[in-house]
Amino acid sequence: MRLRNNPKAYEIMKENADLVILKPEEHKGHYHDIFEINQPLYIEIGMGKGDFIYQNALKHPENNYIGIEKFPSVLAAAINKINKNQSLPNLKLMHFDAIELENVFENGEIDHLFLNFSDPWPKKRHAKRRLTSSAFLNVYRRLLKKDGVIEFKTDNRGLFEYSLQSVTENNYHLDYVSLDLHNSPEAGDNIMTEYERKFSVNGPIYKMIISDCKE
């Protein structure tokens, strides 16, 4: 369920300029400047209320993290939630739409990309909007470093099957596939999103890790 509109969302972003990247276009190619240490850059598209990206940043201080969310009210909720916890120098948030990623990231700037429980866009005519469609995969290919990795999780079987076919057709390498992540050997290392904790009781969680087959 989408959060009710928060009329103070943009105000909350501005009041938290130490956490939120307010003008991401100005940092294209220079994200290392906004973090205390120049480290590998990990991005989550559609971060929701921020649990996943926060826990990753907390667990892995050797990486820098940016959580991207296109809905301002959701981002505001994430800001308020994160502010109740320990401040992390390796975590930033961004209000942006994934369709415009190339406007804010330079080619080869991203080390690792997370796609968690993306909108499945179930109607066939909307397939190009899926974050694992050919159009998006081609963008990721340009923005990821040569050894860059994408991690994808969903509870939607149809979207997962579509994504498996899409990444294969677009010459990505399947490094890992699980049809039931929570009952796999990797379950212990899995960091869950808010959505995942709430809805995983309804069925299995599917996951794949892919890398680009660059020469």
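Cluster membership for Met192 and Ile53, using ILVMFWY side-chain heavy atoms within less than 4.5 angstrom, is not shared. Using a 4.5 Å cut-off between side-chain heavy atoms of Ile, Leu, Val, Met, Phe, Trp and Tyr, with links allowed through other members, Phe105 and Leu22 fall into different hydrophobic clusters. The hydrophobic cluster containing Leu101 also contains Leu131, counting ILVMFWY residues as joined when their side-chain heavy atoms lie under 4.5 angstrom apart, directly or transitively. A continuous path of hydrophobic side-chain contacts links Leu93 to Ile12 [ILVMFWY only; heavy atoms under 4.5 Å].
In this structure, the side chains of Val149 and Ile210 stay at 4.5 Å or more apart for every pair of heavy atoms. A heavy-atom distance below 4.5 Å is found between the side chains of Gln55 and Leu58. Within the 4.5 Å cutoff, the side chain of Phe160 has no heavy atoms near those of the Asn156 side chain. Inter-residue side-chain proximity for Thr132 and Leu159 is flagged as met; some heavy-atom pair is nearer than 4.5 Å. Annotation: side chain of Leu41 is in contact with side chain of Phe35 (closest heavy-atom distance under 4.5 Å). Counting heavy atoms from C-beta on, the side chains of Met94 and Val20 never come closer than 4.5 Å.
To the nearest 0.5 Å, atom CE of residue Met208 and atom CG of residue Leu179 are 11.5 Å apart. Atom-to-atom distance recorded for Lys92:NZ and Ile34:CD1 is 6.0 Å, nearest 0.5 angstrom. Between atom CD1 of residue Ile205 and atom CG of residue Asp155 there is a gap of 5.0 Å, rounded to the nearest 0.5 Å. One distance of note links CG of Leu113 with CD1 of Ile45; it measures 4.5 Å at 0.5 Å rounding. The structure places CG of Leu75 at 7.0 Å from NE2 of His95, a figure rounded to the nearest 0.5 Å. Interatomic distance, Lys49 NZ to Ile82 CD1, rounded to the nearest 0.5 Å: 12.5 Å.
Panel note: side chain Tyr42, backbone Ile110; no donor-acceptor pair is recorded below 3.5 Å. Proximity of a side-chain donor or acceptor of Ser133 to a complementary backbone N or O of Arg129 within less than 3.5 Å is not detected. At distances below 3.5 Å, not a single donor-acceptor pair connects side-chain atoms of Glu151 with backbone N or O atoms of Phe114. Using a distance-only test at 3.5 Å, with no hydrogens or angles considered, no donor-acceptor pair links the side chain of Ser166 to the main chain of Ser163.
Across Thr154 and Phe152, no two heavy atoms sit closer than the pair CG2-CE2, 3.6 Å. The minimum heavy-atom distance between Asn90 and Pro61, with the atom names listed, is ND2-CA, 3.5 Å. Nearest heavy atoms, Leu164 versus Val167: O-CG2, 3.3 Å. Minimum heavy-atom separation, Lys145 to Gly108: CG-O, 2.9 Å. Minimum heavy-atom separation, Leu88 to Tyr54: CD1-CE1, 3.4 Å. Across all their heavy atoms, Ala127 and Tyr162 have their closest contact at O-OH, 3.6 Å.
Relative to the ring axis of Tyr172, Arg141 places its NZ or CZ within 45° and under 6.0 Å from the centre. With a 6.0 Å cutoff to the six-membered ring centre and a 45° limit on the axis angle, Arg130 does not count as a cation-pi contact of Trp121.
The pair Lys146-Asp212 fails the salt-bridge criterion, with no side-chain N (NZ, NE, NH1 or NH2) lying under 4.0 Å from an Asp/Glu carboxylate O. Looking at Arg197 and Asp51, a side-chain N of the basic residue comes within less than 4.0 Å of a carboxylate O on the acidic one, giving a salt bridge. Using a 4.0 Å cut-off between a side-chain N of Lys or Arg and a carboxylate O of Asp or Glu, Glu194 and Lys198 do not qualify as a salt bridge.
Side-chain polar atoms of Tyr195 and Asn116 form no donor-acceptor pair below 3.5 angstrom. Of the N and O atoms on the side chains of Tyr206 and Glu161, not one donor lies less than 3.5 Å from an acceptor on the other residue. Looking only at atom types and distance, the side chain of His182 has no donor-acceptor partner in the side chain of Asp180 under 3.5 Å away.
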Phe199/Thr193 under side chain to side chain contact (heavy atoms under 4.5 Å, CB included): CA gap, chis, key distance, verdict
CA-CA 10 Å; Phe199 292 102; Thr193 70; over 6 Å; no
Check against side chain to side chain contact (heavy atoms under 4.5 Å, CB included), Ile150 and Ser211:
CA-CA 6 Å; Ile150 301 173; Ser211 55; over 6 Å; no
Candidate pair Asn190 and Lys207, rule side chain to side chain donor-acceptor pair (under 3.5 Å), full reasoning:
CA-CA 10 Å; Asn190 179 50; Lys207 179 176 181 176; 4.9 Å; no
Please walk me through it: do His112 and Ile43 pass side chain to side chain contact (heavy atoms under 4.5 Å, CB included)?
CA-CA 6 Å; His112 205 105; Ile43 306 295; over 6 Å; no
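Considering Glu102, Glu109, Glu106 as possible partners of Arg142, the one that fulfils the salt bridge (charged side-chain N to carboxylate O under 4.0 Å, His left out) test is Glu102.
With sequence neighbours left out, Ile99 forms a side chain to side chain contact (heavy atoms under 4.5 Å, CB included) with Asp97, Phe136.
Note on residues 9-35: pairs passing side chain to side chain donor-acceptor pair (under 3.5 Å), not counting sequence neighbours, are Asn16-Asn83.
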Distance-only check: which donor-acceptor pairs under 3.5 Å involve side-chain atoms of residues 62-72, not counting sequence neighbours?
residue : atom : partner : partner atom : Å
Glu62   : OE2  : His60   : ND1          : 3.0
Asn63   : ND2  : Tyr65   : OH           : 3.2
Asn64   : OD1  : Gln39   : NE2          : 3.0
Asn64   : ND2  : Ile37   : O            : 2.9
Glu69   : OE1  : Met47   : N            : 3.4
Glu69   : OE1  : Gly48   : N            : 3.0
Glu69   : OE2  : Phe71   : N            : 3.1

